[in-house]
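So the structure is just underneath, and the comments pick up after that.
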Amino acid sequence: MKIATWNVNSIRTRLDHVMTWLTANPVDVLCVQETKVTDQDFPRAALEALGYHVYISGQKSYNGVALLSRNPLQNVSAGFAPVLGAASGEPFDEQKRVLSGIHDQMLIVNVYVPNGSEIGSEKYDYKLRWLATLRDYLKALLPLQPQLLVCGDFNIAPEDRDIHDPTGREQRIMATDAERQALRQAIFDLGLVDAFRQFNSSAGQFTWWDYRAAAFRRNLGWRIDHHYLAPALTPRAKDCVIDKTPRSWEKPSDHVPVIVELE
DNA sequence: ATGGCACATCCCATGTGA
């Protein structure tokens, strides 16, 4: 089976791209981030007509996540609160960034990690606190659902080989030591592994390129979209690839899909 | 050193992204 993650930067603006890509790449589940639309205005019918069950957690203008699945998902759940309780979860659930569901015994958690804006800003602090909450959430889930896949836009490049130029990484978001430590505590310390790095150890493998300065043409990118596999799933991993194709289409998202294949 | 581009919005400028 194949599961993909893709930050589409507005599902309404990118609907044609998503439809075209899914037709050519009929993955079992597509985890979408930055839908930027209320649930009421989500283009559900078009995706259902393609043969996908549609699960959404959105809001106006910003954030928003969706799960598109060929088969129905079980126990679909939005936000942290269903696992962590209202006191810990609800403050973070105003921003729609987490959506999970069970597909054939496997719990798929789709996340859109906050961007962080600038080092030292309130948003940067929010990003670090959000990741600490993600850690608590996953730590609680893992014993209940050992077959756990966490994927999405993490807005963090885990290592220097995941950035076209790591110079000055402490001065800007996405690769500071503090962000990497928060990622380590939320993901790696729980025993989860980076699916992509099971199959590809090269530098220069990116999932996001800035719209500006012809970054894609010059391959000035970052690898910030990830699939993380719990120990029970790692033996099933057969491949994990980045599909750069949609980044060259007309009016693309700045991110591209990442696909993991499990047996 | 800076800016560059794109998206959504009660706006034609601003907030946000990364």
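Everything numeric here is computed off the predicted structure, so don't read it as measured data. Below, read A as the first sequence line, B as the second, and so on, with proteins coming before strands; counting in each chain starts at 1.
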P gap between dT14(B) and dA1(B), integer Å: 27 Å
Should we count CZ of Arg172(A) as having more than 12 external heavy atoms under 6.0 Å? no
Can you label the angle between the Trp222(A) ring and the His164(A) ring as parallel, tilted or perpendicular, going by 30° and 60°? perpendicular
With rounding to whole Å, what would you report as the distance between dC10(B) and dG15(B) at their P atoms? 14 Å
Determine the contact category for Tyr112(A): base if any of its heavy atoms lies under 4.0 Å from a base atom, sugar-phosphate if only primed atoms, P, OP1 or OP2 are that close, otherwise nothing. sugar-phosphate
Take atom P in dA18(B) and the same atom in dA13(B), then report the distance between them in whole Å. 25 Å
Check ring pair (Phe, Tyr, Trp, His ring centres under 6.0 Å) between Tyr124(A) and all other residues, then give those that pass, not counting sequence neighbours. none
Going by heavy atoms in the side chains, are Glu179(A) and Leu128(A) under 4.5 Å from each other? yes
Does anything in residues 215-228 of chain A reach DNA chain B, meaning a heavy atom under 4.0 Å, and if so which residues? Ile224(A)
If you assign Lys251(A) and Asp210(A) each to the DNA chain B nucleotide with the nearest heavy atom, which residue ends up on the more 5' nucleotide? Lys251(A)
Under 4.0 Å between a side-chain nitrogen and a carboxylate oxygen: does that hold for Arg184(A) and Asp189(A)? yes
As a test of understanding, state which of Asn25(A), Val18(A), Leu47(A) forms a side chain to side chain contact (heavy atoms under 4.5 Å, CB included) with Leu30(A). Val18(A)
Do the side chains of Asp162(A) and Arg197(A) get close enough for a salt bridge, i.e. N-O under 4.0 angstrom? yes
Note on DNA chain B: ranges paired as stems (three or more Watson-Crick/G-U pairs in a row, both atom distances under 3.5 Å) are B:5-9 with B:13-17
Spacing of SG belonging to Cys240(A) relative to CG belonging to Asn200(A), to within rounding of 0.5 Å: 9.0 Å
Strictly below 4.0 Å, heavy-atom distances to any atom of DNA chain B: list the hits from residues 159-171 of chain A, or just say none. none
Can you tell me how far C1' in dC11(B) sits from the matching atom in dT16(B), rounded to whole Å? 16 Å
Those residues at least two apart in sequence (or on a different chain) that pass salt bridge (Lys or Arg N to Asp or Glu O under 4.0 Å) with Lys96(A) are none
If you pin Pro252(A) and Arg97(A) to their nearest nucleotides in DNA chain B, which one's is more 5'? Pro252(A)
ring-ring contact (aromatic ring centres under 6.0 Å, His included) between Trp249(A) and Trp21(A), intermediate numbers included: CA-CA 11 Å; Trp249(A) 294 348; Trp21(A) 189 83; 8.6 Å; no
Begin from the C-alpha positions of Asn9(A) and Tyr211(A) and carry the test side chain to side chain donor-acceptor pair (under 3.5 Å) through to its verdict. CA-CA 12 Å; Asn9(A) 188 13; Tyr211(A) 283 120; 3.0 Å; yes
Can we say Asp160(A) and Arg180(A) salt-bridge, meaning some charged N sits less than 4.0 Å from an Asp/Glu carboxylate O? yes
What contact category does Asn7(A) fall into here, base, sugar-phosphate, or nothing, at under 4.0 angstrom with non-hydrogen atoms? sugar-phosphate
dC7(B) and dC12(B), which share atom name C1', separated by this distance in whole Å: 15 Å
I'd like to know whether Asp153(A) forms a side chain to side chain donor-acceptor pair (under 3.5 Å) with Trp208(A), so could you lay out the CA-CA distance, the side-chain angles of the two residues, the decisive distance to 0.1 Å, and finally the verdict. CA-CA 10 Å; Asp153(A) 175 2; Trp208(A) 174 84; over 6 Å; no
Terminal contacting nucleotides, 5' and 3', DNA chain B versus chain A (heavy atom, 4.0 Å): dG4(B) to dA18(B)
Any side-chain heavy atom of Val29(A) within less than 4.5 Å of one from Ile108(A)? yes
